[in-house]
Visitor: 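Before we start, here is the structure in question, set down as structure tokens.
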Amino acid sequence: MSIDPLFSPVMLGTLELPNRIVMAPLTRARATEAHVPTALMARYYAQRADCGLIVSEATAVDPLGMGWFRAPGIWTAEMVDGWRLVTDAVHAAGGRIFAQLWHMGRLVLPDYIGGELPIGPSPIAGEGETFAPRPAGDTSLFLPMKPYVVPRQMNEEDIARVVASYGSGADNALAAGFDGVEIHGANGYIIDQFLQSKTNQRTDAYGGSLANRIRLLREILEVVTSRVAPGRVGLRISPTSARKGMGDEDPGALAEMIGEVAADSGIAYVHLIEPIASGFVDKPEHPVMTRLRTKFTGAIIQNGSFDGDTAAEFIANGQADAISFGRPYIANPDLVDRIRTGVPFAPANFDYAYVGEERGYTDYPLS
Ligand SMILES: Cc1cc2nc3c(=O)[nH]c(=O)nc-3n(C[C@H](O)[C@H](O)[C@H](O)COP(=O)(O)O)c2cc1C
């Protein structure tokens with residue numbers, strides 16, 4: 001299979017990408033403990049700037065939605081200044097970068113928010129455990145783990161605050177020099193918690209029917225596209241993923257509804273996590289891409305367990321407009337060149353995926 005299809009330019013809304021290789025969002029936890037992006041992060045992203053588009057690691061829009069030690073936020077002027085280091089470095093290296101706007105909802109541990117309960121659509125805990133903050137004085141590299149807790153059910157005021165924080169996050173992303181924003185509607189975070197039937201058991205206008213479960217996403221799309229031109233907005237979704245206790249009664253219908261709402265908003269792309277082999281998430285038994293496509297005619301970025309050959313095949317067949325790579329980008333800053341020249345991908349050291357400084361982050365060699 002020729003890899004040429006990956007090296008033709010493509011329009012993503014109003015942004016032209018020189019190739020079809022996208023760096024998927026990867027939380028790497030190298031911001032400060034106050035969630036401010038750093039010069040080290042700027043170096044890491046600049047090393048990877050030859051892809052068609054970088055989607056930043058998930059970036060919290062509100063302190064109540066932040067539950068990850070040293071992940072970045074975008075709700076203060078200092079955070080905006082930190083992100084400016086990153087966007088300047090990526091642009092100087094000839095690249096393009098969108099900010100992934102994030103709110104973790106029920107998956108925030110109380111340890112991150114002054115002991116309060118996190119907020120979620122319904123009082124149902126996420127499944128499993130997550131990283132707790134490093135206790136003061138602890139010098140170990142590795143973080144303690146704690147189970148997710150039962151969240152407080154959100155009222156209308158909570159919902160309005162989340163929607164507004166996506167608006168201010170979008171404003172701040174532009175102020176920080178990002179080329180656009182990606183709304184994080186995937187992986188069991190707050191938007192996904194409202195979308196999927198297992199985690200949304202509300203009986204008000206935000207729960208029950210699919211039309212109600214999608215209301216939060218619709219409102220977030222409205223506020224974000226009122227701040228950032230729709231041609232520079234994307235949406236990431238994972239309607240078939242069951243990680244962290246997610247589940248939906250009919251992911252195909254959900255994907256079709258998301259496609260309709262995304263089309264109404266005029267956004268540039270939908271970034272669908274639908275792996276072609278089980279890996280970070282399981283390969284779905286019933287893929288939903290076709291259902292999404294029946295309603296959404298903008299660009300599609302597909303993600304999940306691709307290599308150069310399978311990515312090129314999907315582009316050549318018209319199954320996607322671009323392919324994003326997640327885990328391969330950890331250890332391969334020169335992923336674009338490796339795909340172009342057929343050099344195998346280097347394996348990542350996952351011990352340093354979510355902790356550390358330069359090691360396992362900016363020190364991977366070129367091929
Ligand atoms: C270390 C790590 C961090 C991740 N962080 C994010 C994130 O911040 N936002 C997001 O939407 N997905 C995140 N993901 C999921 C990836 O973007 C991607 O969907 C996943 O790795 C599957 O793609 P791959 O098979 O190319 O690795 C993360 C995955 C890994 C391994």
Side-chain angles (χ1 to χ4, degrees), residues 12-13 22 24-25 55 58 98 100-103 105 120-121 159 162-163 166 170 180-202 205-226 228 230-244 246-275 281-282 284-304 319-324:
L12 210 59
V22 171
V55 182
F98 276 28
Q100 193 188 42
L101 301 181
W102 188 38
H103 190 301
I159 292 175
V162 169
V163 173
Y166 268 89
V181 299
E182 178 175 285
I183 296 166
H184 195 344
N187 296 348
Y189 296 113
I190 203 162
I191 294 172
D192 205 17
Q193 290 161 27
F194 273 81
L195 290 175
Q196 297 207 31
S197 55
K198 188 171 167 188
T199 45
N200 182 347
Q201 296 182 2
R202 302 177 71 92
Y206 292 88
S209 65
L210 195 43
N212 281 354
R213 281 186 276 127
I214 207 151
R215 192 176 308 277
L216 177 70
L217 173 61
R218 196 189 280 280
E219 291 180 3
I220 289 173
L221 280 165
E222 271 168 23
V223 71
V224 170
T225 55
S226 74
V228 177
R232 293 299 179 97
V233 175
L235 168 67
R236 193 167 212 226
I237 57 168
S238 57
T240 57
S241 170
R243 287 181 88 227
K244 300 173 194 149
M246 298 307 298
D248 191 70
E249 60 200 14
D250 188 349
L254 174 57
E256 197 172 312
M257 180 62 109
I258 293 170
E260 199 174 309
V261 169
D264 285 350
S265 70
I267 59 171
Y269 71 87
V270 174
H271 188 171
L272 176 68
I273 303 174
E274 183 155 279
V281 295
D282 290 341
E285 234 173 276
H286 304 288
V288 298
M289 171 65 89
T290 316
R291 295 287 292 274
L292 174 67
R293 280 273 203 209
T294 58
K295 300 289 179 189
F296 185 72
T297 53
I300 301 276
I301 304 175
Q302 189 162 346
N303 169 257
Q319 286 164 280
D321 300 281
I323 301 292
S324 74

Visitor: For Y189, check ring pair (Phe, Tyr, Trp, His ring centres under 6.0 Å) against everything at least two apart and list the hits.
Guide: W102, H184
Visitor: Nearest 0.5 Å, please: how far is CD1 in I237 from CG in N187?
Guide: 11.0 Å
Visitor: Counting C-beta onward and ignoring hydrogens, is there a side-chain heavy-atom pair between R213 and L195 closer than 4.5 Å?
Guide: no
Visitor: May I ask you to test the E219-Y166 pair for a side-chain heavy-atom distance under 4.5 Å?
Guide: no
Visitor: Can you measure from CD (Q319) to CD (E274) and round to the nearest 0.5 angstrom?
Guide: 10.0 Å
Visitor: Output all residues satisfying side chain to side chain contact (heavy atoms under 4.5 Å, CB included) with E285, sequence neighbours left out; order by chain, then residue number.
Guide: none
Visitor: Which residues pass the salt bridge (charged side-chain N to carboxylate O under 4.0 Å, His left out) test with R293, not counting sequence neighbours?
Guide: D321
Visitor: Working to the nearest 0.5 angstrom, can you tell me the gap between L221 CG and L216 CG?
Guide: 9.5 Å
Visitor: Minimum heavy-atom separation for H103 to G105, with atom names?
Guide: ND1-N, 3.0 Å
Visitor: Once salt bridge (charged side-chain N to carboxylate O under 4.0 Å, His left out) is applied, do any residues pair with R232, and if so which ones, sequence neighbours excluded?
Guide: none
Visitor: Provide the closest heavy-atom pair for A263 versus F296 in the form atom of the first, atom of the second, distance.
Guide: N-CD1, 3.7 Å
Visitor: Could you list the donor-acceptor pairs under 3.5 angstrom formed by side chains in residues 264-272, with sequence neighbours left out?
Guide:
residue : atom : partner : partner atom : Å
S265    : OG   : A262    : O            : 2.8
Y269    : OH   : E182    : OE1          : 2.6
H271    : ND1  : E182    : OE1          : 2.9
H271    : ND1  : R236    : NE           : 3.3
H271    : NE2  : R236    : NE           : 3.4
H271    : NE2  : R236    : NH2          : 3.4
H271    : NE2  : S324    : OG           : 2.8

Visitor: Nearest 0.5 Å, please: how far is CE in M257 from CG in L210?
Guide: 4.5 Å
Visitor: So which atom in A170 and which in V224 form the shortest heavy-atom distance, rounded to 0.1 Å?
Guide: CB-CG1, 4.2 Å
Visitor: Quick one: does N200's side chain have a donor or acceptor within less than 3.5 Å of a partner on Q193's backbone?
Guide: no
Visitor: Under a 4.5 Å cut-off applied to non-hydrogen side-chain atoms, are S241 and P284 in contact?
Guide: no
Visitor: Let me confirm one number: the CE-OG1 distance from M246 to T240, rounded to the nearest 0.5 Å.
Guide: 11.5 Å
Visitor: Can you give me the closest heavy-atom contact between K198 and Q201, atom names plus distance?
Guide: O-NE2, 3.2 Å
Visitor: Specify the closest pair of heavy atoms between L12 and A299, including all atoms of both residues, with the distance to one decimal.
Guide: CD1-CB, 3.5 Å
Visitor: For a quick test of reading the model, state the closest non-hydrogen atom pair linking V22 to A322 and the distance between them.
Guide: CG2-CB, 4.0 Å
Visitor: Residues two or more places apart in sequence or in another chain: which of them pass salt bridge (charged side-chain N to carboxylate O under 4.0 Å, His left out) with E256?
Guide: R291, K295
Visitor: So do the side chains of D192 and S238 get within less than 4.5 Å of each other, counting heavy atoms only?
Guide: yes
Visitor: Measuring only between side-chain heavy atoms, which start at C-beta, is I220 closer than 4.5 Å to L101?
Guide: no
Visitor: As an exercise, state the distance from CD1 of I301 to CD1 of I273, rounded to the nearest 0.5 Å.
Guide: 11.0 Å
